[in-house]
Amino acid sequence: AVFFLIFMVPFAFGAMGGGDLKLIGALALWFPLMAIIDIVVYFSVFGAALSLAFFAHHMVRRRQGKTTESYRKVEVPYGIAIVLAALWVIYERYLNHFG
């Protein structure tokens, strides 16, 4: 419930969607506390990289004239970053315990 409440702040400001918020809440129920903290750190890094990629794609499309909405906000699907972070933690903790 704590992580759900923490991430309600970005949801309230429109920086995160409701599905992303529910996904973080569901992951917080499955993983121990330290794993959730790792997931938050990883999805912040993955989300930053994903945001840069989407922003660059948006700028290229705007310069090529393929979009008419030049001032539209770039929407980034953070669910991809959250899932990649969770898979990274699963790999580190559960699948790579011999390495």
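- Side-chain contact between Val9 and Phe13: present, with at least one pair of heavy atoms (C-beta onward) separated by less than 4.5 Å.
- For the atom pair Ile82 CD1 and Leu87 CG, the distance stands at 12.0 Å (nearest 0.5 Å).
- Val40 and Val45 fall into different hydrophobic clusters, where Ile, Leu, Val, Met, Phe, Trp and Tyr side chains are chained together by heavy-atom contacts under 4.5 Å.
- Residues Leu27 and Ile80 share a single hydrophobic cluster, defined by chaining ILVMFWY side chains whose heavy atoms lie under 4.5 Å apart.
- A 4.5 Å side-chain heavy-atom check between Phe31 and Ile39 finds at least one atom pair inside the cut-off.
- In terms of hydrophobic clustering, with Ile, Leu, Val, Met, Phe, Trp and Tyr side chains grouped at heavy-atom distances under 4.5 Å, Met16 and Phe54 are assigned to a common cluster.
- Listed by first and then second residue, the side-chain hydrogen bond (donor to acceptor under 3.5 Å, both in side chains) pairs involving residues 20-42 are Asp38-Arg93, Tyr42-Glu92 (not counting sequence neighbours).
- A 4.5 Å side-chain heavy-atom check between Val83 and Leu23 finds at least one atom pair inside the cut-off.
- With sequence neighbours left out, Leu33 forms a side chain to side chain contact (heavy atoms under 4.5 Å, CB included) with Phe3, Ile37.
- Residues satisfying the ring-ring contact (aromatic ring centres under 6.0 Å, His included) test with Phe43, not counting sequence neighbours, are Phe7.
- In this structure, the side chain to side chain contact (heavy atoms under 4.5 Å, CB included) partners of Phe55, at least two apart in sequence or on a different chain, are Met59, Val74.
- Between Phe46 and Tyr78 the shortest side-chain heavy-atom distance does not fall below 4.5 Å.
- With sequence neighbours excluded, no residue forms a side-chain hydrogen bond (donor to acceptor under 3.5 Å, both in side chains) with Ser44.
- A pairwise comparison of heavy atoms in Ala81 and Gly47 identifies CB-N, 3.6 Å as the closest pair.
- Grouping the Ile, Leu, Val, Met, Phe, Trp and Tyr side chains by contacts below 4.5 angstrom, directly or via other members, places Val41 apart from Tyr91.
- Among pairs with a residue in residues 39-50, none fulfils salt bridge (Lys or Arg N to Asp or Glu O under 4.0 Å), at least two apart in sequence or across chains.
- Phe4 pairs with exactly one of Leu29, Leu21, Ile24 by the side-chain contact (heavy atoms from CB on, under 4.5 Å) rule, that one being Leu21.
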